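Below: one structure, written as structure tokens.
Small disclaimer: the values here were computed from a predicted structure and weren't measured. Proteins come first, then strands; the chains are lettered A, B, ... in the order of their sequence lines, and each starts at number 1.
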2 protein chains.
Amino acid sequence: MYRPAGTSIDREWLVARPRTLKPGRPAYQQIADELRASIRSGELGDGDQLPSETQLIETFGVARMTVRAALQVLQHEGLAVAEHGRGVFVRQRRPFRRRSVQRLSRSQWGSGRAMWEADTADDRTFAATIDVTRERATDDVAERLRIPSGTDVVVRRRLHSVDGQPLQLSAAHLPADIAAGTAIAEPDAGPGGTYARLEELGHPLERFVEEVQARMPSPDEARLLVLPAGVPVITVVRVAHTSERPVEVNEIVVNSDLYVLEYEIRP
Amino acid sequence: MYRPAGTSIDREWLVARPRTLKPGRPAYQQIADELRASIRSGELGDGDQLPSETQLIETFGVARMTVRAALQVLQHEGLAVAEHGRGVFVRQRRPFRRRSVQRLSRSQWGSGRAMWEADTADDRTFAATIDVTRERATDDVAERLRIPSGTDVVVRRRLHSVDGQPLQLSAAHLPADIAAGTAIAEPDAGPGGTYARLEELGHPLERFVEEVQARMPSPDEARLLVLPAGVPVITVVRVAHTSERPVEVNEIVVNSDLYVLEYEIRP
DNA sequence: AAGTGGTCTAGACCACTGA
DNA sequence: CAGTGGTCTAGACCACTTG
């Protein structure tokens, strides 16, 4: 009973359904419930096309805005994506890429590989540097770097992509007294990246602290990361410390659909 | 120019707006853009009421479904919440609670405190155990525990709340050969919880590995955690290891609005 | 009772996709 | 071209909150 992903089974789905809606619960939610159940059970698999709006209208005997509301529910739950002119499809699930934050080890960036390349192996990778600027630190960044608010920082803003797929945005902030005039203030920071340069400059990195949160993306973030509705972002604020002081604050926004963050804790 | 949070400024907002929409971009998106800008700028602060649907209809000269679409956009971005019969409000922001996963230290659970109490200090806390059951391990859990698929496990499912506010769901899975017949299989596992019992039973915990992801909640999760639209959940799969074997897989789902996960990495 | 949001209809026109 | 989803209207009735 094998059926390859992406097969259209609209017609089968159609005849298998009861077409009656019970009073008490809104119609659009009942329709969403049925479709959701079909997705969860696997009856509708990854990439399969959902019944079209027209088909749902006929099946359930409701107005178009009602079936659209049902489909919107599924999209905002991250279960389906609409493609204009094509149909609504079960959203392809889950990370084809995983990230071990554990790989923030010296062996990684010491060897000239960026840490986000850790699991990439032989894939093609890109890090499109949007820009490197010198700015006044925001209050939050200044506090985390333990420098006076408004002090100059070098900011490296980047959009990381792999095989053309945007994965994450990052904005690394370093105190200007450390980074200005060095390779860190250049678009290409050289082999091993910022962390390798910091060590060379006499700032050996002792520990990283990461704060992890999740939220829905802003419209700008959704555009840059090509996020469909219903996909949140994970935000990471990483602070790199030497034994003396914090030397970098990196604000990272990742496509939560493509990442698994991995941490190891030793009590 | 101080204005306390929650103040209604509908009328001010109304007169300050242009009421013309430009062609090219959908009307509901332009309306959402204006409201979003007001929220981001702070003109509309935490808990403030947005203009009502009626006011927006008059201001922009569009149909009701159009302004509703605009308000839906903001709700799904997590910027606003609607309250039936009251209005639409700027969503109160961000964690009044923070969690240091770093606190998975022996000193915490050794001292009889659960790790999710680490930062709670003198707040009132509750952990409503939904149930403790014996089940066959799912494929995923079995693989993580390195036991044959279908082997019995003890499952402790809980809903954690603080001051009546639900924070997280968890489902801890332990191999039956370790946990069955012990306090771990009881609803109240005793002081220090599962981890303290494991140590007493001769399973000293050496390391924890956590995999962190984010996604939109299922309807059930949204109901249990009382999540409004536009708030994702963070999922954590924590595996506790002795030097010999993995002894617990804990599947955790947290309200991303109330948590900051914190990790420390030493290269 | 007045004002708010929640659901729903029966249309319309448009933009995009694919054969 | 037919079929798909995207936007929008002008109504309707309902449910909830507040004074």
Could you measure the distance from the CZ atom of A/R156 to the CG atom of A/D131? Nearest 0.5 Å is fine. 10.0 Å

Please determine if a side-chain N or O atom of B/T66 lies less than 4.0 Å away from the OP1 or OP2 oxygen of D/dT7. no

For D/dC8, does OP1 or OP2 lie under 4.0 Å from any side-chain N or O of B/Y28? no

Among the nucleotides D/dG6, D/dT9, D/dA12, which one has an atom lying closest to any side-chain atom of A/E53? D/dG6

Would you mind reading off the distance between A/I31 atom CD1 and C/dT9 atom C1', rounded to a whole angstrom? 13 Å

Output yes when a side-chain donor or acceptor of B/Q29 lies under 3.5 Å from a complementary backbone atom of B/P26, and no otherwise. no

Below 4.0 Å: OP1/OP2 of C/dG3 and any side-chain N or O of B/T54: no

Reading DNA chain D from 5' onward, which residue's closest nucleotide shows up sooner: A/G85 or A/A82? A/G85

If I take atom CG in residue A/L56 and atom C1' in nucleotide D/dG3, what distance separates them, rounded to the nearest angstrom? 14 Å

Is the number of heavy atoms from other residues, nucleotides or ligands within 6.0 Å of CD (A/E135) greater than 12? yes

Kindly say if B/S52 contacts the phosphate of C/dT4, meaning a side-chain N or O under 4.0 Å from OP1 or OP2. yes

Looking only at side-chain atoms of B/P26, point me to the closest of D/dT9, C/dT17, D/dT7. D/dT7

Over 12 non-hydrogen atoms of neighbours within 6.0 angstrom of CZ in A/R223: yes

Take atom CZ of B/R64 and atom P of C/dG5, then tell me their distance rounded to the nearest Å. 8 Å

Hey, does B/Q29 reach any base, or is it just sugar-phosphate, or nothing, if we go heavy atoms under 4.0 Å? sugar-phosphate

Nucleotide C/dA10, atom P - distance to CD1 of A/I57 in whole Å: 11 Å

If you look at every strand shown and take non-hydrogen atoms under 4.0 Å, does B/A27 touch a base, only sugar-phosphate, or nothing? sugar-phosphate

Given the structure, check if the side chain of B/R68 and the base of C/dT7 hold any donor-acceptor pair shorter than 3.5 Å. no

By a 5.5 angstrom centroid cut-off and a 30 degree plane limit, is there stacking between B/H84 and C/dG6? no

Rounded interatomic separation in angstrom, taking CE from A/M65 and P from C/dC13: 17 Å

In whole angstroms, how far is the P atom of C/dT7 from the CZ atom of A/F60? 17 Å

Can you tell me how far C1' of C/dG18 sits from CZ of A/F89, to the nearest Å? 11 Å

Roughly how many Å is it from CG in B/L50 to P in C/dG5, rounded to a whole number? 9 Å

Do you know which of A/D48, A/D46, A/D257 makes salt bridge (Lys or Arg N to Asp or Glu O under 4.0 Å) with A/R91? A/D257

Counting just side-chain N and O atoms, does A/R86 come under 4.0 Å of either OP1 or OP2 of C/dG18? yes

Identify, between A/A63 and A/E83, the residue whose nearest nucleotide on DNA chain C lies closer to the 5' end. A/A63

Between B/E251 and B/R144, does any NZ, NE, NH1 or NH2 come within less than 4.0 Å of an OD or OE carboxylate oxygen? no

Do the side chain of B/R25 and the base of D/dT7 come within less than 3.5 angstrom through a donor-acceptor pair of N or O atoms? no

